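What follows is a single structure, written as C-alpha cells, with notes after it.
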Amino acid sequence: MSVHCRQVRVETGDGRRVSLSYPGILLTGFEDGNQVFERWVPFGAEPTEEDDERLVEALHEALVWQERPSGSGCHTGQQ
C-alpha cells in the first residue's frame with residue numbers, strides 16, 4: 001500500500017489537453033514475487049464519507065485476498 005498523487009492527462013471540450021494530479025492510495029498485490037493486482041482508491045483534500053467507505057471496502061478486499069490460501073483460484077469473498 002502506498003499513498004501518492006496520480007497524474008492523468010485529459011482532453012477538454014475544446015480539444016486542449018490538461019494534466020491533473022489527485023491524491024489516493026495504491027493497493028498492490030503480489031504472488032510469488034509477481035504483481036497480480038493493483039487498485040487505485042482516490043481521495044480528496046477533504047475526504048467524504050463516500051471516500052472513507054470506498055477505502056474501507058478496498059482495504060477489506062485486499063486483506064481478504066492476502067489471507068486466502070495460495071493457489072486457491074478465484075476468490076468469492078465468502079469464507
Side-chain angles (χ1 to χ4, degrees):
M1 178 172 80
S2 63
V3 177
H4 63 277
C5 286
R6 179 170 272 191
Q7 287 285 135
V8 294
R9 294 189 53 82
V10 295
E11 190 169 316
T12 63
D14 61 4
R16 293 180 302 127
R17 292 196 54 82
V18 296
S19 179
L20 303 172
S21 176
Y22 56 96
I25 295 175
L26 182 64
L27 300 172
T28 307
F30 292 89
E31 196 167 286
D32 297 326
N34 298 311
Q35 181 179 327
V36 294
F37 82 84
E38 185 174 272
R39 180 164 181 197
W40 174 257
V41 182
F43 60 85
E46 296 179 24
T48 64
E49 187 173 329
E50 183 179 332
D51 292 332
D52 292 346
E53 290 299 321
R54 209 170 33 240
L55 177 57
V56 167
E57 178 185 333
L59 289 172
H60 178 262
E61 289 173 10
L63 290 171
V64 167
W65 177 85
Q66 180 180 355
E67 293 300 318
R68 79 190 194 316
S70 181
S72 65
C74 183
H75 179 69
T76 64
Q78 298 180 7
Q79 302 264 323

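Numbering starts at 1 and runs along the sequence shown. From a predicted model like this one, the values you see are computed outputs, not experimental measurements. Computed from heavy atoms alone, side chains included, the values below leave out hydrogens, waters and symmetry copies.
- Checked against side chain to side chain contact (heavy atoms under 4.5 Å, CB included), D14 has the following partners two or more places apart in sequence or in another chain: T12, R16.
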Donor-acceptor pairs under 3.5 Å, side chain of residues 18-26 to any protein atom, not counting sequence neighbours: which ones?
from	atom 1	to	atom 2	distance (Å)
S19	OG	Q7	NE2	2.7
S21	OG	Q7	OE1	3.2

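- From L55, atom CG reaches atom CG of L27 across 7.5 Å, with rounding to the nearest 0.5 Å.
- The side chain to side chain contact (heavy atoms under 4.5 Å, CB included) search around E50 returns T48, R54, not counting sequence neighbours.
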In a table with atom names and distances, give each donor-acceptor pair under 3.5 Å that connects a side chain of residues 35-45 to protein atoms at least two apart or in another chain.
from	atom 1	to	atom 2	distance (Å)
Q35	NE2	E38	OE1	3.2
R39	NH1	E61	OE1	2.7

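- Dense packing is recorded around CD of E11, with more than 12 heavy atoms of other residues, nucleotides or ligands lying under 6.0 Å away.
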